[in-house]
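A, B, ... follow the sequence lines: proteins, then strands. Residue 1 opens every chain.
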Amino acid sequence: MINQQIQIYNTLTRTKEKFAPLNPPFVGLYVCGPTVYSDVHLGNCRTFISFDLICRYLKFIGFKVRYVRNITDAGHLEGDRDEGDDKFAKKAKLEQVEPMEIVQKYTVGFHDVMRTFNTMPPSIEPTATGHICEQIEMTKKIIANGYAYVVNGTVYFDVEKYNKEFLYGQLTNRKLEELLEGTRELDGQDEKRGRLDFALWINAKPEHIMRWPSPWGWGFPGWHIECSAMSSKYLGDAIDIHGGGMDLQATHHTNEIAQSQACNHQAPVKYWMHTNMLTVNGVRMSKSAGNGFLPDELFTGNHPLLEKGYSPMAVRFFMMQTHYRSTLDFSNAALQAAEKGFERLMAAYNTLQNLTPSAASSFDLNQLKQKCYDAMNDDFNAPILLAQLFDGVKIINSVNDGKEKISAADLDEMQKLFSGFIFDVLGLAADSNASAANDDTLSTVMSLVIDIRKDAKTKKDFSTSDKIRDDLAKAKITLKDTKDGTEWKLEK
RNA sequence: GGUCCUGUGGCCGAGUGGCUAGGCAGAGCUCUGCAAAAGCUCCUACUGCGGUUCGAAUCCGCACGGGACCUCCA
């Protein structure tokens with residue numbers, strides 16, 4: 001039933017491997033979601049859009065995917081010292097609201113943006129605060145198994161002990177000694193035994209608002225334990241694919257593996273997938289670098305780095321032109337190129353709906369079709385898929401010009417192929433540039449104006465017809481005379 | 001300093017040891033009252049220097065240039 005063989009680049013082995021899920025046709029996919037203490041930026045979006053593509057393709061070829069993506073709404077601390085305020089409490093203090101108001105506000109905002117980019121919601125979207133019990137239970141088990149210790153109400157994971165039996169640095173291909181070299185000496189204040197030890201549960205200081213009771217006193221979970229606890233709750237102790245941004249690989253995911261292994265006595269993940277970073281003028285977009293712009297600023301063009309606004313679907317198309325494991329650099333030129341390419345693809349899709357079939361086809365549709373699957377089978381190579389689709393675009397236009405022919409059966413197949421890959425797999429959608437066209441008053445007026453101009457043209461009164469066109473252009477409305485009549489568009 | 005990625009035509013961006021990426025821009029043509037738009041055609045690159053090979057952008061080495069992670073970040 002599933003007759004495509006996918007190759008996935010597995011970070012764990014640093015090679016492409018044949019994808020063989022643990023319990024086909026079911027696939028468990030876990031992706032580390034956002035920490036909702038501020039607006040999502042484009043870098044975050046890119047990761048989730050990449051996994052949206054991956055999830056869509058898995059479903060497209062027949063897998064039954066359970067896609068779990070968490071919301072981190074507790075436990076994520078400001079610094080690296082396992083102490084101090086968490087991000088939510090800090091922001092809440094700043095805005096003088098409850099921490100959970102922060103969580104709610106940015107969760108809603110995140111969902112809005114994800115919808116705008118036409119990503120499918122995950123099957124389950126668990127929150128850290130909703131799974132405190134599970135995290136406590138897991139921590140208890142890790143202690144019982146001997147891989148964690150308690151100091152003053154805080155529970156630390158014993159990395160050096162773990163490393164005696166397992167490869168702690170496996171995910172980043174590093175030895176413990178190398179990792180230790182990169183860390184600072186413990187100072188006298190430190191409760192930790194080892195420099196690489198990290199907190200599973202953190203004792204709450206008196207001023208800390210987000211706190212829960214635990215066997216070790218009032219506290220809150222460490223950042224890494226939530227993903228381990230929630231992925232194993234909803235996808236089992238061994239899951240097929242775990243994904244996230246590359247920046248999570250070294251610390252967050254490395255710790256996740258250690259915790260889960262220490263708790264459940266088995267490696268938690270078969271395939272680790274990491275998406276690369278988004279850069280702006282060659283520099284990583286990040287909250288701390290201050291070079292990020294928000295999705296809304298990108299759509300409106302309301303940012304010093306942006307020459308104009310770009311539609312969400314043009315941006316999505318832009319992202320699809322780069323493989324998920326390559327860095328993606330944002331620039332106005334690249335964005336504008338993508339915008340035009342996207343329009344061309346969609347125009348061809350529309351043309352495809354109106355082609356006239358012939359007795360036989362003059363090209364090999366099956367070959368094109370297989371190339372599309374091959375592209376995606378090779379570690380979800382969307383750029384290659386797009387290249388194949390553009391080959392299809394050329395064919396569509398040639399058929400439209402009468403230079404190539406397509407049979408009725410192939411036409412039907414090709415329509416399915418295009419809508420399948422463009423909409424279902426790539427997750428693109430016709431731009432809702434139609435906001436103007438949906439304005440009844442304006443479209444009524446426009447069809448009247450176009451009618452008058454048409455009359456003028458018929459009477460060869462070109463000064464009138466040109467005046468209409470030129471004056472409309474001044475009002476940011478452009479007219480295009482096509483063979484099927486005149487189209488109009490409101491420029492942004 | 002350590003681990004690793006990377007350097008492709010004007011720009012963005014794929015890539016298999018030998019065969020066309022693709023998009024955008026540019027040029028020519030078609031269409032058109034004009035224009036715009038659209039379509040078709042063309043534009044053959046792989047940081048440098050060595051090496052392996054019948055053959056390398058694709059493998060190896062060195063050099064130089066970018067970047068990521070090692071510290072909160074998708």
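For the P atoms, the distance linking B/G9 with B/U58 amounts to 15 Å, nearest Å. B/G7 and B/U47 have their C1' atoms separated by 6 Å, with the value rounded to a whole Å. With both ends at atom P, the span from B/A38 to B/U6 equals 36 Å, rounded to whole Å. A distance of about 16 Å separates the C1' atoms of B/U52 and B/G18, rounded to the whole Å. Spacing of P atoms, B/A36 relative to B/A25, comes out at 14 Å, to the nearest Å. Across B/C54 and B/G67, the matching P atoms stand 40 Å from one another, rounded to whole Å. When the C1' atom is used for both B/A56 and B/G51, the distance is 12 Å, rounded to whole Å. Remark: the separation of the P atoms in B/A14 and B/G22 is 15 Å, to the nearest Å.
Here A/H131 and A/Y234 bring their ring centres to under 6.0 angstrom of each other.
By the 4.5 Å heavy-atom criterion applied to side chains, A/L298 and A/L335 are counted as neighbours.
A/Y324 and A/N381 form no side-chain donor-acceptor contact under 3.5 Å, judged by distance and modelled atom types alone. Under 3.5 Å, the side chains of A/D461 and A/S463 contain a donor-acceptor pair of N or O atoms. Side chains of A/D329 and A/T327: a donor-acceptor N/O pair is absent below 3.5 angstrom, by distance only. Side-chain N/O atoms of A/Y57 and A/N377 include a donor and acceptor closer than 3.5 Å.
Protein atom CZ of A/R195 is 11 Å distant from nucleotide atom P of B/U71, rounded to whole Å. When rounded to the nearest whole Å, the span between CG of A/L479 and P of B/G33 equals 16 Å. One can place CG of A/D391 at 11 Å from P of B/A21, the figure rounded to the nearest angstrom. As rounded to whole Å, 13 Å separates atom P of B/C72 from atom CZ of A/F198. Residue A/H224 contributes atom NE2, which lies 11 Å from atom P of B/U71 at whole-angstrom precision. The nearest whole Å value for the distance from the CG atom in A/N44 to the C1' atom in B/C72 is 13 Å. When rounded to the nearest whole Å, the span between CG of A/N332 and P of B/A25 equals 15 Å. Rounded to an integer number of Å, the gap from CZ of A/F317 to P of B/G22 is 14 Å.
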Table of protein N/O atoms under 3.5 Å from nucleotides 38-42 of chain B N/O atoms:
from  : atom 1 : to     : atom 2 : distance (Å)
B/G39 : OP1    : A/R344 : NE     : 3.2
B/G39 : O3'    : A/N397 : ND2    : 3.4
B/G39 : O2'    : A/D401 : OD2    : 2.5

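Residue A/D466 places its side chain closer to B/G33 than to any other of B/G22, B/G33, B/A74. Here the side chain of A/K340 is nearest to one of B/G22, B/C34, B/A25, namely B/A25.
Using the six-membered ring where Trp is involved, A/F317 and A/F390 have ring planes that are perpendicular, over 60° apart on the 30 and 60° scheme.
Note on A/F462: a base of the nucleic acid sits closer than 4.0 angstrom, heavy atoms only. If you check every strand for non-hydrogen atoms under 4.0 Å, A/R174 touches a base. Using a 4.0 Å heavy-atom cutoff across all strands shown, A/G33 reaches sugar-phosphate atoms only and no base atom. Residue A/L278 is in base contact, counting any heavy-atom pair closer than 4.0 Å across all strands shown. Counting non-hydrogen atoms under 4.0 angstrom, A/M277 reaches a base of the nucleic acid. Nucleic acid contact for A/G244: sugar-phosphate only, since backbone atoms but no base atoms lie under 4.0 Å from a heavy atom of the residue.
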Contact letters for nucleotides 8-15 of chain B, in which S counts primed atoms plus P, OP1 and OP2 and B counts the base, heavy atoms under 4.0 Å: ----SSSS
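For the pair A/N173 and B/U3, the criterion of a side-chain N or O lying under 4.0 Å from OP1 or OP2 is not met.
At a threshold of 4.0 Å, the pair A/D471-A/K474 counts as salt-bridged, since one of the basic side-chain nitrogens sits closer than that to a carboxylate oxygen. Taking a cutoff of 4.0 Å between a charged side-chain nitrogen and a carboxylate oxygen, A/D52 and A/R56 qualify as a salt bridge.
Among pairs with a residue in residues 363-375 of chain A, those fulfilling side-chain hydrogen bond (donor to acceptor under 3.5 Å, both in side chains) read A/K369-A/E413, A/Q370-A/D374, at least two apart in sequence or across chains. Contacts classified as ring pair (Phe, Tyr, Trp, His ring centres under 6.0 Å) and involving residues 102-128 of chain A (residues at least two apart or in different chains) are given here: A/F48-A/F110, A/F117-A/F299.
Pairs of Watson-Crick or G-U wobble type, with distances under 3.5 Å, assemble into runs of 3 or more in RNA chain B at these ranges: B:1-7 with B:64-70, B:10-12 with B:22-24, B:26-30 with B:38-42, B:47-51 with B:59-63.
Where A/N276 and A/L386 each meet RNA chain B at their nearest nucleotide, the meeting point lying more 5' is that of A/L386. Along RNA chain B, the nucleotide nearest to A/Y9 and the one nearest to A/A387 differ in position, and the one closer to the 5' end is contacted by A/Y9.
The line from CZ of A/R66 to CD1 of A/I239 is 11.5 Å long, rounded to the nearest 0.5 Å.
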Verdict with supporting geometry, A/D112 and A/R115, salt bridge (charged side-chain N to carboxylate O under 4.0 Å, His left out): CA-CA 5 Å; A/D112 286 346; A/R115 208 173 300 118; 3.2 Å; yes
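Evaluation of the side chain to side chain contact (heavy atoms under 4.5 Å, CB included) rule for A/A334 yields A/F318, A/S331 as partners, not counting sequence neighbours.
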